[in-house]
Structure formats: C-alpha cells, structure tokens
2 protein chains.
Amino acid sequence: MSDKAAPSTETRTTSLNNLPPHQGGAEALARLLARALFAGRWRPGDDFPKEMDLCHHFAVSRNQVRNALASLTATGLIERTAGRGSVVRMVDDWHLLDPLVSDWMTGIESLDASLIREIFAFRYSAEPVVARLAADAAEPADLDRLEAAYQGMCATADKPGARDLHAEHDVAFHDAIYRASHNLVWRQMGHLLRPSIIALIQSSQARVSGEHEGLDDSLARHGRVLEAITRRDGAAAESAAREVLRRTAIDLAIVPTPSHSHPTPEDSP
Amino acid sequence: MSDKAAPSTETRTTSLNNLPPHQGGAEALARLLARALFAGRWRPGDDFPKEMDLCHHFAVSRNQVRNALASLTATGLIERTAGRGSVVRMVDDWHLLDPLVSDWMTGIESLDASLIREIFAFRYSAEPVVARLAADAAEPADLDRLEAAYQGMCATADKPGARDLHAEHDVAFHDAIYRASHNLVWRQMGHLLRPSIIALIQSSQARVSGEHEGLDDSLARHGRVLEAITRRDGAAAESAAREVLRRTAIDLAIVPTPSHSHPTPEDSP
DNA sequence: CTTGTCAAAATGTCAGACATTTATTAATCT
DNA sequence: AGATTAATAAATGTCTGACATTTTGACAAG
C-alpha cells in the first residue's frame, strides 16, 4: 500500500540508532530526522514514517516523537494530515530562514546541489548590499568582531589540520558583516550562512588543492572587505564583498560571465 | 513577588475571550497570544502567564495551551525554563522571518514603531536588488502576476471603501517581484511584506489625505517597476523599485538625505 | 458501474499521574 | 548572627492509556 518508507527505516536503523547517549530527547530526534531528510533519505512527496513506527524503532515515547514531528511541521519540512500520515513537502516550502533548519543543515555532505546553489545565489546578491550597510552603520564593537574573525582566518590558513576552525572563523567573519548592518532582519539572516559556507568549503576542498592559489587569494579579498568597512567606504565594501563571492559564484554558474555581471562604477578595475 | 502578569490577565480577559467560536484550537490560541504580545500586552523580560492560568482563563485543555506555547517558543517569542515559567524574549530574538510571525503581525495597529522601521529599512535595501534579479529571471507567468496585481491596484485606487483590497493588491505586487527572482530564499521573504505594507498604509492614511498626490504618484512608480521588469532592464528595475520606496523611507528617516543615497548610474534623473 | 456502509489505520485530543527543575522558606550548625 | 543545608511549593516536562476524528480501502447492495 504505502511505499517502503517504514520498513526501510527498520533496515537502516543501524546508522540512525547510535545517537549521543541522550541529549534533548525530542530535540535530538528532530535533528536526527531532519538531517536524514536533508541527506536524501526521503524525497519530496514521499511518505514519512508513522508515529508508532518511530516510537518502536527509537524506543522513545509517543510524546517525544510527536514533539519532534511538530518541529519538522513547524519548519515546513513535512505536512501531517489527520488520518493519512506525514508526507515530505516540496523544497520550496521548507523554511530555509528558520535558524533550526540552518542548524540542522550544517555539515550534511550530500546536500542537494541545487539547494546549495540557491542559497549561494542569495548570498551573492545580498551580501554586497549588506556590506555597504555595514560600512555605514558599523560601531567599534562590530569592527572588533570583524578584525578578530579575520585574524582567526589568517592564523588557521594553510593548516590542513585546522580546516574546521578556519571554516568557523569564516562563518564568524560573514556573520559579523550582517550584524554590523545593525538591522534586525539582516542580522537574523546570518544563520543562513553556516550551512552554505561549510558546504562550499567541503566541496571546494578538492579544487583548492589543484589550483592552490585559492586560499591566499580568498584571504586577501576578505581583508579588503574589512579594510573598506573600517574605512567607512560603502561603495568599496560593496564591490569588495562581491569580489569575495565572485569566484565561487562563477564555479557554481550563478553569474553568467565574469565581465558584465554588475555595472557598478567600482566594478571594473 | 512576580509582577502582575497573571492577575492582569484575569482582569482584561474580556478583550481576549471573544474569539471566533472555535477555530484551530491551539493554533488560534497561539495567534491570540502572539497578537496580544505584539500589541504591547507584555514587554520583553516580563513573565508570561502560567500554563494553568491560561487553561483556566480560556477553558481549554493543557495540551492546547502547551501546543500554543510551543509555537511561541519555536518562533523565539518566549523562553520557557523548567521550574521557573515563561518570559518574553528580547525583540532581537524574535524570528521575524518565520511566516507564522509575519502572519500574526498583520493588522496590529500598535506595533512598535522601531520594529516597523527595521523591517522597512530591510525592504529599502533589499527590494531594489530583488527587482534587478526579477528583471533577469522573470518568466511569462511572473509577468502575468505582476500585471494582474498592478491592474488590481489601479482598479482600487482612490476608492476609500476598498482600501483593504488595494493593500492586498499592493502586497501581491511586491510579492510577485520576490517570486519573479526565482530564488528560494528571496521568495520566502515575501511573507515579510504583509505586515510591513499593511502597517505603512494604515500609518500613512492620515498623511495621504493632507498631501493628496501620494497615491497617484505611488501608482505611477509601481508602473515604472512593472515596465522595467517587462523590458528586462535590470538597472532600470532596480532604480525604479528604489523610487517606489524612497518617499516612505525619507518619512521614516531611514535614508539620511534624498540626494546621495545610492550612487548608481541610473539614479540621478 | 456506482453508491453506501463498515472497518482499519493514522493522527489529534484529553485527562491524570508522575518526574524534574527552580526558587523560597525554614531549620540547623558553627 | 550568619551561613549552609534541608524541606516545601510551584512550574514546566514527560509518560501512559484511552478516546475522538479523519482518511482510506474493501465489500456488498443496488
């Protein structure tokens, strides 16, 4: 009748059962299910496992399962109807801007490539504008955060062992830009950066070893953003931020050609 | 000891008890509480009513109350801790990008002015960029939506009885721009428009009767955005979209002076 | 072939008891 | 008297079982 969603949960239960002892109960279960969903365990339109199956397979009470599924429902990942069951919703309906979703997404290796492209396309169009706002509104504390993150990136560059730490500083740098805009809405969008940056670093890891100059170059461009914001030069900050993202944008085929991408005065040096 | 949050709920229960018979149970209760919160019923840091008090005052089961409070928790409006109770979180922590929050906010008359300014400042910086993207990515269906919304705005202009309908078409127009960008993230931000536009129309209602020319002028500017997007002229769409928002931005003191706000080539005429 | 009714399955809801955390108050020891 | 500890109360979190509601499919009657 229904597809083999539930039985297949039984078979692959091994990979899902080894969760860190007991964290937040429902919270941990929601994270687990969401990450399995993002990893491609089920596709939009598929039937999601039934409550009782999850109760049995994870040996938790129905309450925990219901709370976890409530989180997935609230974030638009699944839809539940009375006597029918739960189905995975279309990607268009996922609340990508919910901090929970961003948190769940971080570190998923097999994220849908088109999803990464969508998120990065957003960043590519938004972050330059935010950098301009940041140059206008930044306060000393913001500049300190930016400087600290940049120094952290410098300290962890070229060290293959500290790649995760470097990524963390990278996230912190971009997040500091959003915070420096001093706008409630832009600020909350900083959450969206984490999965995107992590995924990009993971995927560019292969390429970077071939071309080699990528890392230093990226570092220099970040430095130029920091310098422009410190100098309170909005226009320079905007184009510098665009330069930071441009190469990755080209690789992801988001910007058609590197020539006439954005006719801003400062764009053609 | 604790402030008078709970007792005052008793006294003013009259204004909250007349809810449309019974809609979605917990869903309706969450909406009710959220709107009361947005209307200034409690301020950040205040104690939120206890579960049992809400159960008693609204004559609903504890389950309903817990589900409603779970929604408020998930959207960052309140924070609940084990034996302490629930407190209202700072505005910075509210998930303004959650569709639920936008929905709850629409139509609140006494919204915090600074919150409206923050949301509009975001729109003022973002929407021009989105308009540029829309000009590049719009498909026939998108143009149809834009055209339909614009016609709707024209048909309901200058008719004082159809102000709500005009606002609805206004929302549809701007939402169509975001959808036309064909980017998952930008698209989901369309939800953020509704409370902002409604609030602005309500607040500008007094001013418009004095200056009079505001409405026709706004209509013409919207038309210029539509025309630029149809013409696939990204630069023109960007500046036209900025023009739509500029006057309101000036009134809200978001853009410092009307002269050197954004040095884009098409910006001077 | 259509329609009506019944039964099974799944989610939604309720009520009560119990567990856990937090804060206050009282008691005890130095 | 002051500080530390123990008991108590209040609030939220959790579990369990039963019941309600909705959906779907099967089966029989027309």
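This structure is a prediction, so every number in the text was calculated from the model and none was measured. Chain identifiers are assigned alphabetically (A, B, ...) following the order of the sequence lines, protein sequences preceding nucleic acid strands; residue numbering begins at 1 within each chain.
Taking 4.5 Å as the limit, some side-chain heavy atom of F48(A) sits within range of a side-chain heavy atom of L33(A). Side-chain contact between F58(A) and L32(A): present, with at least one pair of heavy atoms (C-beta onward) separated by less than 4.5 Å.
Within residues 62-78 of chain A, the residues that have a heavy atom under 4.0 Å from DNA chain C are, in order of number, R62(A), R66(A).
Of all nucleotides listed (dT11(C), dT22(C), dT24(D)), dT24(D) comes nearest to the side chain of R84(A). Side-chain atoms of S61(B) lie closest to dC14(C) of the nucleotides dA10(C), dT23(D), dC14(C).
In this structure, R80(B) reaches the dG13(D) phosphate: one of its side-chain N or O atoms is under 4.0 Å from OP1 or OP2. OP1 or OP2 of dT12(D) sits under 4.0 Å from a side-chain N or O of S86(B).
As rounded to whole Å, 16 Å separates atom C1' of dG13(D) from atom CG of L29(A). The CD-P distance, from E79(A) to dG12(C), rounds to 11 Å in whole Å. Look at NE2 on H56(B): it is 17 Å from C1' on dA15(C), rounded to the nearest Å. Across the protein-nucleic acid pair, L54(B) atom CG and dA10(D) atom C1' stand 16 Å apart, rounded to whole Å. The CZ atom of F48(B) sits 22 Å away from the P atom of dA10(D) (whole-angstrom rounding). The distance from atom CD of E51(A) to atom C1' of dA10(C) is 8 Å, rounded to the nearest whole Å. For the pair D53(A) CG and dA10(C) C1', the computed distance is 10 Å after rounding to whole Å. If you measure from atom CG of D47(B) to atom P of dA10(D), you get 16 Å, rounded to the nearest angstrom.
Taking the charged nitrogens against the carboxylate oxygens, R31(B) and D103(B) do have a contact shorter than 4.0 Å, which makes a salt bridge.
Scored by the side chain to side chain donor-acceptor pair (under 3.5 Å) test, R62(A) finds E51(A) as partners (sequence neighbours excluded). Every residue two or more places apart in sequence or in another chain was checked for a salt bridge (charged side-chain N to carboxylate O under 4.0 Å, His left out) with R117(B), and none qualifies.
For the 3.5 Å distance criterion, the side chains of S125(A) and W186(B) qualify, holding a donor opposite an acceptor. Side-chain contact, Y178(B) with E127(B): a donor N or O sits under 3.5 Å from an acceptor N or O.
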